[in-house]
There are 2 protein chains.
Amino acid sequence: MKFAEGKDKFIQSWGVIGSNWGINRTMAQIHALLLIAPESLSAEDVMQDLQISRGNANMNLRELIDWGLVYKELKPGERKEYFYAEKDMWDVVKKVIKRRKKKELEPMVKVLNELDNIEETTPEAEEFKKVLKDIKLFSAKADSTLDRLVNSENNWFVGTFMKMIK
Amino acid sequence: MKFAEGKDKFIQSWGVIGSNWGINRTMAQIHALLLIAPESLSAEDVMQDLQISRGNANMNLRELIDWGLVYKELKPGERKEYFYAEKDMWDVVKKVIKRRKKKELEPMVKVLNELDNIEETTPEAEEFKKVLKDIKLFSAKADSTLDRLVNSENNWFVGTFMKMIK
DNA sequence: TTGTACTTTCAATTATTTCCGAAAGGTAAA
DNA sequence: TTTACCTTTCGGAAATAATTGAAAGTACAA
């Protein structure tokens with residue numbers, strides 16, 4: 001396969017995968033583009049390469065920076081800003097997990113904690129309390145497990161799961 | 001807190017959480033409603049309780065059945081269908097993980113495998129190959145880890161992570 | 001076979017999300 | 001200052017997704 005073909009396919013696919021991940025398609029494409037770029041790129045480069053508007057490029061670049069997946073670089077003597085991606089995949093994975101945890105898990109834990117102390121003892125209320133208790137158990141567990149995963153060093157994941165999968 | 005208030009709040013919140021999970025809000029609400037129902041409910045009950053249309057209720061109930069989170073029940077002598085949710089939370093978690101894995105991870109593995117054999121050896125091509133290799137490493141690992149998790153029994157998760165989190 | 005009590009489908013509507021591009025905002029050099 | 005060059009904001013257009021409601025489909029009992 002030719003590089004140019006592979007590159008296009010990768011960027012397109014990363015966009016599709018991103019949207020399955022609940023991530024804006026363009027954001028994922030910019031990420032893909034920067035991931036495989038050996039040098040940092042300007043907003044202009046990104047716009048041209050992906051054929052998107054200035055506003056769109058700007059918005060999604062900033063979102064990527066906010067996620068910690070992309071960094072700004074200022075080249076001496078140039079006014080333009082350049083962007084490059086975090087290339088340490090373990091770091092990327094950790095940052096994505098952190099984001100998703102915040103978005104997907106933490107609101108759940110929060111709501112569950114607000115739903116305590118139901119007074120009634122009707123069958124409905126009892127069932128409700130039971131379900132809540134179960135969900136709490138799992139979400140608390142998932143929450144702390146992910147924390148541990150995210151705060152662990154590279155080798156833990158690689159090492160542990162290498163063994164797990166033989 | 002009163003049961004009725006807690007119930008409403010739970011259903012609403014489950015809807016919001018669901019949409020953060022990339023799951024249709026109504027589908028999540030129906031799931032919440034059935035989760036805390038001590039008895040199975042008819043489509044009619046669901047429509048009334050959530051104030052949604054017949055079509056909507058039907059579609060999302062079937063989707064929930066497809067996920068394996070809800071089952072149909074036929075009461076003898078009645079023509080109506082009744083629905084009840086899977087209440088074993090570990091089972092629910094497994095089924096959700098399975099679904100998300102299929103949607104989020106497997107397309108990625110598939111694409112990556114199609115992107116092999118780049119011929120060129122320019123810096124761009126080399127960077128590309130390197131990134132691909134890294135991503136493959138992680139996605140393959142995540143894939144098999146989740147498989148293992150999903151195929152494991154209840155106690156593995158509870159047991160292992162109980163220890164992990166002290 | 002017809003009537004009844006449901007379930008399912010689907011075209012049209014409505015809501016939500018994403019994207020564009022022009023205008024406004026900043027900043028550094030002249 | 002003013003100019004030149006970038007970045008950011010934002011209202012509305014365009015694309016997607018969810019929802020409705022009515023019509024069509026199905027199965028059972030009489």
Side-chain angles (χ1 to χ4, degrees), chain A residues 11-12 14-34 40-67 70-84 99-100 103-104, chain B residues 11-12 14-34 40-67 70-84 99-100 103-104:
Chain A
I11 291 175
Q12 290 313 314
W14 207 244
V16 173
I17 289 161
S19 59
N20 286 335
W21 281 50
I23 289 165
N24 180 307
R25 201 175 97 258
T26 306
M27 180 173 156
Q29 287 179 336
I30 296 177
H31 184 229
L33 179 64
L34 291 177
S40 53
L41 304 178
S42 68
E44 204 74 33
D45 295 334
V46 172
M47 287 166 57
Q48 282 210 283
D49 216 318
L50 301 179
Q51 292 293 307
I52 58 176
S53 74
R54 185 171 297 285
N56 200 8
N58 181 264
M59 234 181 58
N60 286 298
L61 277 167
R62 285 197 301 111
E63 187 73 6
L64 282 166
I65 290 171
D66 194 47
W67 281 54
V70 164
Y71 308 106
K72 262 187 195 174
E73 181 187 22
L74 294 168
K75 294 196 180 178
E78 285 198 72
R79 192 177 295 171
K80 226 183 300 188
E81 294 175 332
Y82 286 81
F83 303 90
Y84 63 99
R99 270 294 169 142
R100 301 193 85 185
K103 186 178 168 197
E104 299 179 3
Chain B
I11 292 176
Q12 289 314 313
W14 207 244
V16 174
I17 288 162
S19 59
N20 286 336
W21 282 51
I23 288 164
N24 181 307
R25 201 174 97 255
T26 305
M27 181 172 154
Q29 287 179 337
I30 296 178
H31 184 229
L33 178 64
L34 291 177
S40 51
L41 304 178
S42 68
E44 204 74 31
D45 295 333
V46 172
M47 286 166 57
Q48 282 209 284
D49 216 318
L50 301 178
Q51 291 294 307
I52 58 176
S53 73
R54 184 171 297 287
N56 200 8
N58 182 266
M59 232 182 61
N60 286 298
L61 277 168
R62 284 191 309 105
E63 187 72 7
L64 282 165
I65 290 170
D66 193 47
W67 281 54
V70 164
Y71 309 104
K72 262 187 196 174
E73 181 188 21
L74 293 169
K75 294 196 179 178
E78 284 197 72
R79 194 179 291 174
K80 227 185 297 191
E81 295 175 331
Y82 287 80
F83 303 91
Y84 62 100
R99 270 293 168 144
R100 302 193 85 185
K103 185 177 168 199
E104 299 179 2

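Chain letters run A, B, ... following the sequence lines, proteins first and then strands; every chain starts at 1. Computed from heavy atoms alone, side chains included, the values below leave out hydrogens, waters and symmetry copies.
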Peer 1: Considering non-hydrogen atoms only, spot the tightest contact between B:A57 and B:M47 and give its length.
Peer 2: CB-CG, 3.7 Å

Peer 1: Let me spell it out: for each of A:K72 and A:R79, pick the nucleotide of DNA chain D with the closest heavy atom. Which residue's pick is nearer the 5' end?
Peer 2: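 Here A:R79 is the residue nearer the 5' end.
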
Peer 1: Please round to the nearest 0.5 Å and tell me the distance separating atom CD1 of B:I30 and atom CG of B:N60.
Peer 2: 4.5 Å

Peer 1: May I have the distance from B:N20 (atom CG) to C:dT17 (atom P), rounded to whole angstrom?
Peer 2: 10 Å

Peer 1: Report yes if a side-chain nitrogen or oxygen of B:R62 is closer than 4.0 Å to either non-bridging phosphate oxygen (OP1 or OP2) of C:dT7; otherwise report no.
Peer 2: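 Checking C:dT7 against B:R62, no side-chain N or O comes under 4.0 Å of OP1 or OP2.
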
Peer 1: Return a single string for nucleotides 19-24 of chain C, one symbol per nucleotide in 5' to 3' order, where B is base contact, S is sugar-phosphate-only contact and - is none, cutoff 4.0 angstrom on heavy atoms.
Peer 2: SBB---

Peer 1: I'd like the 5' and 3' limits of the part of DNA chain D contacted by chain A, with heavy-atom contacts below 4.0 Å.
Peer 2: D:dA4 to D:dT9

Peer 1: Taking salt bridge (charged side-chain N to carboxylate O under 4.0 Å, His left out) as the cut-off, I'd like each qualifying pair that reaches into residues 46-57 of chain B, sequence neighbours left out, listed once.
Peer 2: B:K7-B:D49, B:E44-B:R54

Peer 1: Determine, stepwise, if the pair B:E73 / B:F83 fulfils side chain to side chain contact (heavy atoms under 4.5 Å, CB included).
Peer 2: CA-CA 6 Å; B:E73 181 188 21; B:F83 303 91; over 6 Å; no

Peer 1: Under the salt bridge (Lys or Arg N to Asp or Glu O under 4.0 Å) rule, collect the residues that match up with A:R99, sequence neighbours excluded.
Peer 2: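 Applying salt bridge (Lys or Arg N to Asp or Glu O under 4.0 Å) to A:R99 gives A:D66.
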
Peer 1: Is there a side chain to side chain contact (heavy atoms under 4.5 Å, CB included) between A:Y82 and A:S42? Walk through the geometry before answering.
Peer 2: CA-CA 4 Å; A:Y82 286 81; A:S42 68; 4.0 Å; yes

Peer 1: Could you measure the distance from the CG atom of A:L61 to the CG atom of A:L34? Nearest 0.5 Å is fine.
Peer 2: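 Spacing of CG (A:L61) from CG (A:L34) equals 6.5 Å.
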
Peer 1: Between atom CD1 of B:I17 and atom NE2 of B:H31, what is the distance when rounded to the nearest 0.5 Å?
Peer 2: 12.0 Å

Peer 1: Using whole Å, report how far CD1 of B:I65 lies from P of C:dT7.
Peer 2: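 So the CD1-P distance, B:I65 to C:dT7, works out to 11 Å.
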
Peer 1: Calculate the interatomic distance between B:M47 atom CE and C:dC6 atom P; express it in whole Å.
Peer 2: 12 Å

Peer 1: Considering every strand and a 4.0 Å limit on heavy-atom distances, what is the contact class for B:E81: base, sugar-phosphate, or nothing?
Peer 2: sugar-phosphate

Peer 1: Side chains of A:R62 and A:N58, heavy atoms from C-beta outward: is any pair under 4.5 Å?
Peer 2: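 When only atoms from C-beta onward are counted, A:N58 and A:R62 do touch, with a gap below 4.5 Å.
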
Peer 1: Nearest-Å distance, CG (B:N58) to C1' (C:dT9)?
Peer 2: 9 Å

Peer 1: Enter the distance from B:Q48:CD to B:L41:CG here, rounded to the nearest 0.5 Å.
Peer 2: 11.0 Å

Peer 1: Whole angstrom is fine here: how far is it from CD in A:E63 over to P in C:dT18?
Peer 2: 10 Å

Peer 1: For the helix from C:dT1-D:dA30 to C:dA30-D:dT1, what angle separates the axis at the start from the axis at the finish, each from five pairs, in steps of 10°?
Peer 2: 0°

Peer 1: Taking only residues two or more places apart in sequence or in another chain, which ones pass side chain to side chain donor-acceptor pair (under 3.5 Å) with A:N24?
Peer 2: none

Peer 1: Here's a test of your reading of the structure: between A:G22 and B:S42, which maps to the more 5' nucleotide of DNA chain C?
Peer 2: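 The residue whose closest nucleotide sits nearer the 5' end is B:S42.
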
